[in-house]
Amino acid sequence: MSDEGYDHATVERRWQEAWDDADVYRTPDDVDDPTYVLGMYPYPSGKLHMGHVRNYTITDAYARYRRMQGDDVLHPMGWDAFGLPAENAAKERDTNPRDWTFDCIETMTDQMESMGFGYDWEREITTCTPEYYQWNQWLFSRFHEEGLVERRDAEVNWCPECETVLADEQVEGDDELCWRCDTPVEQRELEQWFLKITEYADELLEAIDDLEGWPNSVRQMQRNWIGRQYGTELDFEIGGYGSVEAFTTRVDTIHGATFFALAPDHPISEELAEEDDDVRHFIEHEADPDGDEPNGVETGLTATNPVTGDEIPVYVADFVLSDVGTGALMAVPGHDERDHAFAEKMGIEIKPVIAPEPDDWDGETVPDAPDVSEDAFTDDGVLINSGEYSGLDSETARERLTEDIDSAEKATQYQLRDWGISRQRYWGTPIPVIHCDDCGPVMVPEEDLPVELPEFINTTGNPLDAAEEWKATTCPDCGSPATRETDTMDTFVDSSWYFLRYVSPGSEEVPFDLERANDWMPVDQYVGGIEHAVMHLLYSRFFTKVLADHEGLEHREPFTNLLAQGMVQLEGEKMSKSKGNVVSPQRIVEDYGADTARLFMMQAAQPERDFDWSEEGVRSTYAFLTRLQGMVEDYVADEPDGDDDAIASYVDAEIDATIAIASGEYDDLTFNKALRETQDLVRTLRQYADYTEPHAETYERGLSAVVRLLAPVTPHLAEELYDELGGDGFVADADWPTAEIDRDRVAKRRRLVENTREDIRDIVEVAGIEDPQAIDVVIAPDWKYDALEIAIESDADNLIGELMQQSHIRQQGDAAADYGQDLQAEREALTMSLEPDAEYEALEAAAWLIEREFEAPVDVVRADEADDSVLKNAEPGRPAIEIED
RNA sequence: GCGAGGGUAGCCAAGCGGUCAACGGCGGCGGACUCAAGAUCCGCUCGUGUAGACGUUCGUGGGUUCGAUUCCCUCCCCUCGCACCA
């Protein structure tokens with residue numbers, strides 16, 4: 001396989017060293033508003049996988065493209081270096097997380113260099129260093145000062161395998177599995193640190209509308225996650241227990257509330273459990289919040305409907321969740337499916353109070369009740385059986401009832417919860433707090449930051465808890481003996497602002513240089529996996545907003561354009577170690593080179609789509625590069641001296657077309673299309689050289705354009721070939737090729753040529769012409785172009801009449817009338833063709849393609865040199881064809 | 001159930017009101033080159049057709065339009081996210 005190809009190893013090594021020596025990818029601090037291109041930084045697991053390669057090839061190609069377009073570019077890389085796997089690996093290998101992590105970083109850095117990724121390594125950041133994580137601590141203190149940190153008892157998700165707390169976002173699926181290890185998650189009550197992201201819920205939600213550079217899927221996922229709902233909070237009196245608050249979005253159905261339900265862990269349920277055996281038994285043994293079946297137990301209590309005064313039975317039910325709404329609800333089985341199911345099961349009354357709005361409703365008449373015995377009617381409609389509210393529409397009734405009921409208030413509920421950042425693990429940022437018996441939890445003063453991690457202790461629980469010496473300290477407030485907080489921060493804290501740190505990675509006084517951040521931010525193009533759609537991308541938005549409000553950052557959103565890249569699959573399946581269907585990037589680089597791997601990936605599919613890895617595809621990509629290399633070599637070794645003829649002009653026009661199209665596609669990050677065009681041009685150039693002695697200047701211009709168009713994706717070979725062609729400096733710094741041509745004309749010209757060739761093939765085939773002797777291609781007369789233009793612009797009913805007003809058209813007599821009829825028939829679909837001269841030139845330039853294919857001389861003929869009988873078939877955009885056999 | 005994105009010729013996949021029987025790739029067929037194979041190059045790949053035509057096609061069934069693969073609605077199917085959410 002690879003022994004047939006070019007010497008990629010030598011080429012790649014040579015240019016990697018040359019780039020390194022010349023510091024090609026450095027972004028100086030004094031550049032003005034660079035284009036900021038960023039890939040989500042990796043967790044240093046030890047090896048680059050195909051997902052990384054794809055992700056970073058996308059950003060690298062785009063960064064290189066922008067640089068060649070003349071932009072200053074910021075394209076940094078760093079390491080999401082804290083996290084549990086390092087701890088586990090350290091235990092397995094009897095080392096410590098720090099050494100293991102830095103080993104991994106070293107390996108992965110080498111792999112990234114071997115892929116040819118052009119990063120400014122001077123800006124590298126590593127989150128597990130005190131130089132970085134001190135700023136997590138500093139930010140935590142700042143958040144605390146601004147009232148955005150809270151410590152409270154919380155029922156938390158606990159993973160017994162990882163021995164740590166998980167955020168809601170880290171619990172996956174119906175089975176509630178840990179996102180890292182797929183262990184079922186348990187619930188525990190612990191004192192936890194929270195960042196109050198809910199304070200920003202409204203802005204985080206509303207600003208999504210303006211994130212036009214983000215994929216809809218991600219925007220929608222964030223909207224769902226925040227889950228804002230407008231409704232009403234109101235009190236129900238429960239005999240003996242006072243008033244209980246319930247939340248409802250459908251207060252218009254309150255006259256149909258036939259029972260009241262409490263969550264099993266609602267305070268009243270817990271109180272009841274102490275005296276009522278049935279309730280206790282239900283809560284402890286029967287309640288199954290995860291089951292499909294709604295279960296419940298009657299309490300014997302009643303609640304008073306604040307509108308009707310009715311006494312309705314109170315149940316403890318497992319379908320009521322304490323963290324949704326208020327953990328207590330008024331149940332309306334007539335108009336809520338879940339309440340309906342429960343009422344049916346328990347034999348509770350089902351009462352319709354909303355009717356579908358009749359089509360011809362007058363706005364007053366009270367319609368007939370719907371049948372809700374089998375199914376609830378859950379849409380809005382018109383109130384019935386609702387006393388003075390009957391006859392109102394749902395919307396109005398909700399307003400009125402919320403006003404009229406004493407205890408009722410408009411309320412907004414969110415699904416978004418505050419962000420619990422406490423983790424009971426070692427390898428993370430220590431939360432900078434000291435616990436004092438007298439003063440309680442006290443922030444570590446800024447001058448004492450960072451709180452550095454102690455040496456790793458290999459133990460089953462939290463190593464920080466075992467670090468006795470480290471734990472013992474004194475209270476910053478009162479000076480008495482005190483202990484350090486042993487929780488560390490969720491690593492998503494690190495990644496919520498790392499994109500700001502790249503701006504000034506060495507800052508010792510501040511987390512980031514504010515002035516530069518204001519100039520350089522936001523990230524223009526962010527690229528990463530869809531798995532971060534909610535967590536990382538939502539937290540980063542939150543941090544950015546807090547920093548805007550309290551630290552003078554002048555941007556409220558971190559990422560202008562977001563690309564969620566697709567997966568690299570093998571036979572339609574996600575590559576994964578457990579399935580054993582992994583293709584190693586390292587092996588591909590060894591066998592075919594980084595350029596081949598990069599080019600294959602970028603041309604295989606649009607970046608956001610999944611695609612299948614194919615060894616066959618890799619081989620043909622490699623063959624393509626080898627061929628290209630040969631073409632350049634041959635050209636340089638023996639420069640051709642062909643004429644600047646029609647064929648050269650065809651090739652020249654194709655070069656322009658390719659540049660124009662490929663540039664547009666690079667702008668849109670649709671590398672696959674840009675590369676397809678570029679590869680087409682290579683084929684055109686080869687055909688050219690095969691067919692005739694090329695015109696040196698034209699041919700070289702083509703090769704040079706190809707090399708530069710490929711340079712963002714295959715940087716090493718592009719450097720090599722650019723050098724061979726005599727380019728100055730690095731192709732990485734070269735100017736992007738330019739073409740003064742618009743895509744519309746390109747498309748028209750190509751279509752004309754392609755249609756003409758197809759027509760000739762059709763004729764040869766259908767007419768059974770074995771061996772064509774000569775082919776004439778005849779351009780339509782000028783008057784037809786004029787007629788076409790008139791037909792397009794005219795809105796007259798009688799097109800023929802309109803045409804005949806032109807004397808030079810009228811002179812054509814029957815021919816004009818015939819063509820006028822044709823135009824009339826297709827009137828609405830007409831589009832302007834190229835001008836006659838442009839058509840002549842395009843076909844003349846493409847004649848060699850036809851001659852080559854049919855092995856017959858081709859004559860492109862102007863209308864005034866042709867017979868009238870032939871001209872009959874010629875139209876603008878469609879020359880007449882005469883084949884002699 | 002809700003939401004988002006999809007369903008295009010043997011397969012993958014573009015197009016997203018007329019230039020569309022529908023770009024491109026793979027696979028298949030034929031041809032050139034070669035002693036041969038590979039690579040490369042040139043065609044063909046819905047049906048019919050002895051001069052560029054016609055017919056039937058873009059999940060299903062309707063609709064809008066002079067005209068729909070492209071816009072609207074119904075239904076079916078796929079993928080992803082959320083979900084006993086009050």
Side-chain angles (χ1 to χ4, degrees), chain A residues 4 173-174 215-225 227 229 231-233 246-251 253 261 263 288-295 317-321 323-332 336-339 341-342 378 413-415 530-531 533-534 564 572 603-606 608-612 614 616-617 619-620 623 626-627 670 672-673 676-677 679-680 683 686-687 690-691 747-748 750-752 754-769 825-833 849 852-855 873 877-883 885:
Chain A
E4 291 295 318
D174 284 343
N216 279 335
S217 58
V218 174
R219 297 208 278 173
Q220 197 55 35
M221 280 158 81
Q222 294 210 349
R223 286 192 192 102
N224 289 344
W225 191 262
Q229 264 192 318
T232 303
E233 258 168 15
F247 175 80
T248 178
T249 54
R250 292 297 305 272
V251 72
T253 63
D288 175 19
D290 298 327
D292 290 335
E293 184 80 346
N295 302 303
D318 61 4
F319 69 85
V320 186
L321 307 175
D323 61 349
V324 174
T326 60
L329 59 85
M330 67 170 210
V332 185
D336 181 281
E337 279 169 24
R338 186 203 46 226
D339 296 348
F342 189 77
T378 58
Q413 286 279 329
Y414 301 89
Q415 202 170 303
I530 188 77
E531 66 273 20
V534 174
Q603 70 173 24
Q606 290 180 16
E608 48 275 277
R609 301 190 91 105
D610 297 343
F611 79 94
D612 258 19
S614 134
E616 186 59 40
R619 267 195 282 269
S620 79
T626 302
R627 253 177 279 136
T670 37
N672 56 327
K673 295 181 188 169
R676 186 162 87 193
E677 277 304 318
Q679 285 177 300
D680 274 353
R683 177 154 55 168
R686 196 158 9 155
Q687 290 171 338
D690 279 352
Y691 185 73
K748 282 200 168 99
R750 285 183 169 181
R751 206 152 41 220
L752 171 69
E754 206 36 61
N755 287 346
T756 304
R757 293 178 67 190
E758 271 174 21
D759 281 348
I760 296 170
R761 278 176 211 135
D762 257 5
I763 294 168
V764 168
E765 160 103 20
V766 174
I769 299 170
E826 293 175 82
R827 190 95 181 259
E828 310 287 341
L830 299 172
T831 48
M832 202 53 213
S833 66
L849 290 169
R852 189 186 55 155
E853 186 174 337
F854 297 96
E855 293 175 339
N873 287 328
R878 186 148 209 230
I881 294 161
E882 280 286 296
I883 302 172
D885 60 351

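Below, chain A is the first sequence line, B the second, and so on; all start at residue 1. In this text the structure is predicted, and so the values were computed from the model without any measurement.
The side chain to side chain contact (heavy atoms under 4.5 Å, CB included) test applied to A:Asp690 returns A:Arg686, not counting sequence neighbours. When the side chain to side chain donor-acceptor pair (under 3.5 Å) test is applied to A:Arg852, no partner is found at least two apart in sequence or on another chain. Take A:Thr831 and apply the side chain to side chain contact (heavy atoms under 4.5 Å, CB included) test, not counting sequence neighbours, and it matches no residue. Every side chain to side chain contact (heavy atoms under 4.5 Å, CB included) that A:Arg761 has, sequence neighbours left out, goes to A:Glu754, A:Arg757, A:Glu758, A:Glu853, A:Phe854. In terms of the side chain to side chain donor-acceptor pair (under 3.5 Å) criterion, A:Arg627 has no residue partners (sequence neighbours excluded). Take A:Asp318 and apply the side chain to side chain donor-acceptor pair (under 3.5 Å) test, not counting sequence neighbours, and it matches A:Asn295. With sequence neighbours left out, the side chain to side chain donor-acceptor pair (under 3.5 Å) criterion links A:Thr232 to A:Thr402. Judged as a side chain to side chain contact (heavy atoms under 4.5 Å, CB included), and not counting sequence neighbours, A:Glu765 has no contacts.
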Collect all protein-nucleotide pairs involving nucleotides 40-43 of chain B in which both atoms are nitrogen or oxygen and the distance is under 3.5 Å.
| unit_1 | atom_1 | unit_2 | atom_2 | d |
| --- | --- | --- | --- | --- |
| B:U40 | OP1 | A:Arg627 | NH2 | 3.2 |
| B:U40 | O3' | A:Arg686 | NH1 | 3.4 |
| B:C42 | OP1 | A:Gln687 | NE2 | 2.1 |
| B:G43 | OP1 | A:Arg757 | NH2 | 2.8 |
| B:G43 | OP1 | A:Arg761 | NH2 | 3.4 |

Review item, nucleotides 7-12 of chain B N/O atoms under 3.5 Å of protein N/O:
none

| Contact state string [nucleotides 18-23 of chain B, B base, S sugar-phosphate only, - no protein heavy atom under 4.0 Å] | BB---B

| message | Both atom distances under 3.5 Å, Watson-Crick or G-U wobble: I'd like the secondary structure of RNA chain B as a dot-bracket string, with | for pairs made across strands. | response | ((((((((.[[[..)..(.....]]]((((((.......))))))(((....)))...[.[[[..)....]]].])))))))....

